[in-house]
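Below you'll find the structure, written out as structure tokens, and then a few comments.
Owing to the predicted nature of the structure, the values given are computational and were not obtained by experimental measurement. When a ligand or atom number is given, it counts from 1 through the structure's own listing order. Only this structure's heavy atoms are used, side chains among them; waters, hydrogens and symmetry mates stay out.
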Amino acid sequence: MRNHTMVTEFILLGIPETKGLETVLFFLFSSLYLCTLLGNVLILTAILSSSRLHTPMYFFLGNLSMFDLGFSSTTIPKMLLYLSGQSQAISFQGCASQLFFYHFLGSIECFLYTVMAYDRFVAICHPLRYKVIMNHRVCSVLTSGTWMGGCVHAIILTSLTFQLPYCGSNEVGYYFCDIPAVLTLACGDTSLAQRVGFTNVGLLSLICLFLIFVSYIHIGISISKIRSAEGRQRAFSTCSAHITAILCAYGPVIIIYLQPNPSPVLGATIQILNNLVTPMLNPLIYSLRNKDVKSALRNIFSKRSFTLEN
Ligand SMILES: *[C@@H]1O[C@H](CO)[C@@H](O)[C@H](O)[C@H]1NC(C)=O
């Protein structure tokens with residue numbers, strides 16, 4: 001149509017209004033990222049190596065750790081690279097895959113929290129039938145369902161965003177390629193992509209949050225009926241870990257949506273918390289309060305475990 005050249009690479013301008021803070025942010029984010037990697041690798045090792053942890057709850061937790069690793073790795077390493085002074089450019093394909101994996105892994109996590117809430121609901125409200133209901137096949141179906149759901153969701157968002165022509169400016173005013181930041185650069189009509197993106201992400205989080213909420217209401221009612229204080233305590237402690245994790249994951253997102261005109265800095269801060277701090281907290285939240293995980297980790301680090309287990 002016009003003699004504009006098509007964009008072949010994008011420039012990530014970084015977190016809004018943080019010029020001059022690159023070194024501080026680099027050290028802050030790289031230490032947080034290291035903690036995320038370390039914590040999740042430890043949890044994965046503990047779960048995979050200890051046969052006592054081969055139960056549905058830990059399978060889901062293992063999957064969550066795996067996706068946490070991937071989720072923070074879609075955005076953070078690239079950001080660390082350009083904070084350390086390397087190139088801010090990202091190829092067109094790189095940008096598209098960043099957007100795809102961000103929404104793919106993000107929605108899988110959202111589904112996994114829901115599945116984990118359902119798992120706790122069955123464990124606490126139907127303890128005698130737990131083994132029958134959460135059998136191996138059901139667990140596999142649930143996990144592969146989260147994969148497929150996430151894949152469809154991400155394919156829709158990515159194809160809608162990148163079927164538009166990009167021919168003008170290539171400067172993404174953000175620290176990674178997310179839909180709103182990329183769409184402002186499109187030359188075509190962005191209203192469909194914008195509307196679908198907003199509705200899909202919003203609906204998905206609302207549905208998950210609603211299902212999680214329903215599960216925990218049932219759980220709460222069940223717990224309040226347990227007579228022994230010790231039993232109540234035990235049921236409560238597993239669930240409080242999950243509720244904390246969910247609040248960390250959703251709290252920030254809800255805050256963004258409640259703001260009528262979120263400032264770019266607030267939006268970016270919250271998204272960084274979500275990309276970096278939630279994946280780092282998940283292993284802490286689940287393992288610090290959990291005797292089984294702690295003893296599995298202790299076993300890994302003591303030589304004795306080799307002679308005992310092999
Ligand atoms: C993820 O879930 C599946 C099905 O429940 C399980 O077989 C697999 O071991 C889990 N992956 C990890 C890393 O825990």
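Checking only distances, His136 never comes within under 3.5 Å of ligand 1, N or O to N or O.
Note: Phe104 and Phe101 have perpendicular aromatic rings, judged against thresholds of 30 and 60 degrees for the angle between ring planes.
Of all protein heavy atoms, the one lying nearest to atom 2 (O) of ligand 1 is Asn63 ND2, 2.2 Å. In terms of protein heavy-atom proximity, atom 4 (C) of ligand 1 is nearest to Thr143 OG1, 3.2 Å.
Side-chain contact of His103 with Asn200: a donor-acceptor pair under 3.5 Å is absent, judged by distance alone.
For ligand 1 and Leu44, the ligand atoms under 4.0 Å from any heavy atom of the residue are 13 (C).
Sparse packing is recorded around CD of Glu17, with 12 or fewer heavy atoms of other residues, nucleotides or ligands lying under 6.0 Å away.
Aromatic ring centres of Phe71 and Tyr102: separated by under 6.0 Å.
With Thr18 contributing its side chain and Gly14 its backbone, the two residues share no donor-acceptor pair below 3.5 Å.
Of the options Ser144, Cys139, Ser140, Gly62, the smallest heavy-atom separation from atom 14 (O) of ligand 1 is shown by Gly62.
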